[in-house]
Participant: 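This is the structure I have questions about; it appears just below.
In what follows, chains are A, B, ... by sequence order, proteins preceding strands, each numbered from 1. None of the values given here were measured: they were computed from a predicted structure. The basis for the numbers below is simple: all heavy atoms, side chains too, and nothing from hydrogens, waters or symmetry mates.
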Number of protein chains: 2
Amino acid sequence: MAEHNPSPEYLDPAKIIKIFDALSHPVRIKILGILYENRQYISELARIIGISRPLLYIHLRKLEEAGLVKASMEISSDGKATKYYELTHFDMRLTPQMLHEISKEINLEDEKSQ
Amino acid sequence: MAEHNPSPEYLDPAKIIKIFDALSHPVRIKILGILYENRQYISELARIIGISRPLLYIHLRKLEEAGLVKASMEISSDGKATKYYELTHFDMRLTPQMLHEISKEINLEDEKSQ
DNA sequence: TTCACATGTAATAATTATATTACATATGAA
DNA sequence: TTCATATGTAATATAATTATTACATGTGAA
């Protein structure tokens, strides 16, 4: 019983902060809104939103690292490699109490909280 | 009835994104956690967290602009001007559906969505 | 007057985030 | 072979965020 008792995943500050950071840009909210209606592949998603593909990669990486979207590579019927992105499930209630709980897990001296 | 029907406040993307942005830094979460327990004045808050006052101002500004904290200037019994910060009330549920609703209000051509 | 607090800002540096252009690869169809 | 489509990255430029140091003001108490 000498083990450290880790916080449940949903109380890990670094993870939660990654989620907030991922949601802090209109393009990324737009991406999530589009993926809510249907999964999309990268090139098509870039056309829908009207941004370049390299830029879309940057935004998708943040969303993926936050766990808000996930990718799956497929070979479509015409033989082309196609990478589809889709939403994951998430449900979080944002309240002062909840942030207080998160806050208690933050050690500002610690590198990994940053 | 030629007026534009504005979105309710809680669906304003710029406002919601400001909230997410305000929550995307561990120091700011820490601030909220401390203010949850008690209101604090600036110098004391800087000492508790262990950061410089100018830096604290930067973080407090973001939290205030997002509407997560509010300030009130007081003259304490010893005559010193003291600015107290306290939490506001907020309660938001974060789901794919909710982000989809927000997303529909985002016009990426529009400056004020940025 | 000097000290210990409180308020606030200006100027700068360092780092991270955002965005663009150019490049490279692979596939099927014309 | 050439074209149109898909994948991805490298290199660069610009802008925003984060953080520090130095400065300025005002008050009450010693």
Participant: In terms of side-chain heavy atoms, does B/Tyr41 have a donor or acceptor partner in B/Glu74 at a distance below 3.5 Å?
Facilitator: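 No - no donor-acceptor pair under 3.5 Å links their side chains.
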Participant: Quick check: do B/Leu94 and A/Leu94 have side-chain heavy atoms less than 4.5 Å from each other?
Facilitator: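 Not in contact.
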Participant: Does some side-chain heavy atom of A/Ser24 sit less than 4.5 Å from a side-chain heavy atom of A/Asp21?
Facilitator: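 A side-chain contact under 4.5 Å exists here.
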Participant: For the pair made of CD1 in A/Ile58 and P in D/dT12, what is the distance, rounded to whole Å?
Facilitator: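 It works out to 16 Å between those atoms.
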Participant: Is the shortest side-chain N/O distance from B/Arg47 to OP1 or OP2 of C/dA6 below 4.0 Å?
Facilitator: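 Yes, within the criterion.
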Participant: Any side-chain N or O of B/Lys62 below 4.0 angstrom from OP1/OP2 of D/dT18?
Facilitator: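 Yes, because at least one side-chain N or O of B/Lys62 sits under 4.0 Å from OP1 or OP2 of D/dT18.
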Participant: When rounded to the nearest 0.5 angstrom, what distance separates NZ in A/Lys83 from CZ in A/Arg39?
Facilitator: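 Nearest 0.5 Å value for the NZ-CZ distance: 13.5 Å.
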Participant: C/dT16 P sits how many Å from A/Asp21 CG, rounded?
Facilitator: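 Nearest whole value for this atom pair: 13 Å.
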Participant: Could you tell me how far apart A/Arg61 (CZ) and C/dT18 (C1') are, to the nearest whole angstrom?
Facilitator: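 After rounding, the gap between these two atoms is 12 Å.
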Participant: State which of D/dA19, D/dG8, C/dT21 makes the closest approach to the side chain of A/Pro54.
Facilitator: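 For A/Pro54, the side-chain atoms sit closest to C/dT21.
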Participant: Using a 4.0 Å heavy-atom cut-off, does B/Ile42 contact any base of the nucleic acid, only the sugar-phosphate backbone, or nothing at all?
Facilitator: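 It contacts sugar-phosphate atoms only.
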Participant: Distance check needed: C/dT27 P versus A/Ile75 CD1, whole Å only.
Facilitator: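 Computing the A/Ile75:CD1 to C/dT27:P distance gives 9 Å.
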Participant: Could you check how far CG of A/Leu108 sits from P of D/dT18, rounded to whole Å?
Facilitator: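 To the nearest whole Å, that distance equals 14 Å.
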Participant: Answer yes or no: is there a side-chain heavy-atom contact under 4.5 Å between A/Tyr36 and B/Leu99?
Facilitator: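 Not in contact.
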Participant: Verify the contact: side-chain N or O of A/Lys80 to OP1 or OP2 of C/dA26, cut-off strictly under 4.0 Å; return yes or no.
Facilitator: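 Answer is no, no contact under 4.0 Å.
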Participant: Does the B/Thr88 side chain pair with the main chain of B/Leu68, one donor and one acceptor, at a distance under 3.5 Å?
Facilitator: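 Yes.
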Participant: Would you mind telling me which residue lines up with the more 5' stretch of DNA chain C, B/Thr82 or A/Ser24, judged by nearest nucleotide?
Facilitator: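 Nearest nucleotide further toward 5': that of B/Thr82.
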Participant: Applying a strict under-4.5 Å side-chain criterion to I, L, V, M, F, W and Y, I'd like to know whether B/Ile49 and A/Ile106 cluster together.
Facilitator: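 Result: yes, single cluster for both.
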Participant: Within this structure, what is the CG-to-C1' distance between B/Leu55 and C/dG8, rounded to whole angstrom?
Facilitator: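 Answer to the nearest Å: 15 Å.
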Participant: Roughly how many Å is it from CG in B/Leu60 to C1' in C/dT9, rounded to a whole number?
Facilitator: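 Atom-to-atom, B/Leu60 to C/dT9, this comes out as 15 Å.
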Participant: For the side chain of B/Thr95 and the backbone of B/Arg93, is there at least one donor-acceptor N/O pair under 3.5 Å apart?
Facilitator: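 Absent.
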Participant: Output yes when at least one side-chain N/O atom of B/His25 is less than 4.0 Å from OP1 or OP2 of D/dA19, else no.
Facilitator: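 The answer is yes; a side-chain N or O of B/His25 sits under 4.0 Å from OP1 or OP2.
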Participant: So what is the end-to-end bend of the helix from C/dT1-D/dA30 to C/dA30-D/dT1, with 5 pairs used at each end and the value given to 10 degrees?
Facilitator: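 Nearest ten degrees gives 10° for this helix.
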Participant: Are any of B/Arg28's side-chain N or O atoms less than 4.0 Å away from OP1 or OP2 of D/dT18?
Facilitator: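 Affirmative; the distance criterion is met.
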Participant: Would you classify A/Tyr57 as touching base, sugar-phosphate or nothing, given that sugar-phosphate means primed atoms plus P, OP1 and OP2, and contacts are heavy atoms under 4.0 Å?
Facilitator: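 It contacts base atoms.
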Participant: Could you state the atom-to-atom distance from CD1 of B/Ile17 to P of C/dA17 in whole Å?
Facilitator: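 Computing the B/Ile17:CD1 to C/dA17:P distance gives 17 Å.
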Participant: Please pick, from C/dT7, D/dT7, D/dT20, the nucleotide with the shortest atom-to-atom distance to any side-chain atom of A/Tyr41.
Facilitator: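 Of C/dT7, D/dT7, D/dT20, D/dT7 is nearest to the side chain of A/Tyr41.
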Participant: Less than 4.0 angstrom between a side-chain N/O of B/His59 and OP1 or OP2 of D/dT17, yes or no?
Facilitator: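 False: B/His59 side-chain N/O out of range (4.0 Å or more) of D/dT17 OP1/OP2.
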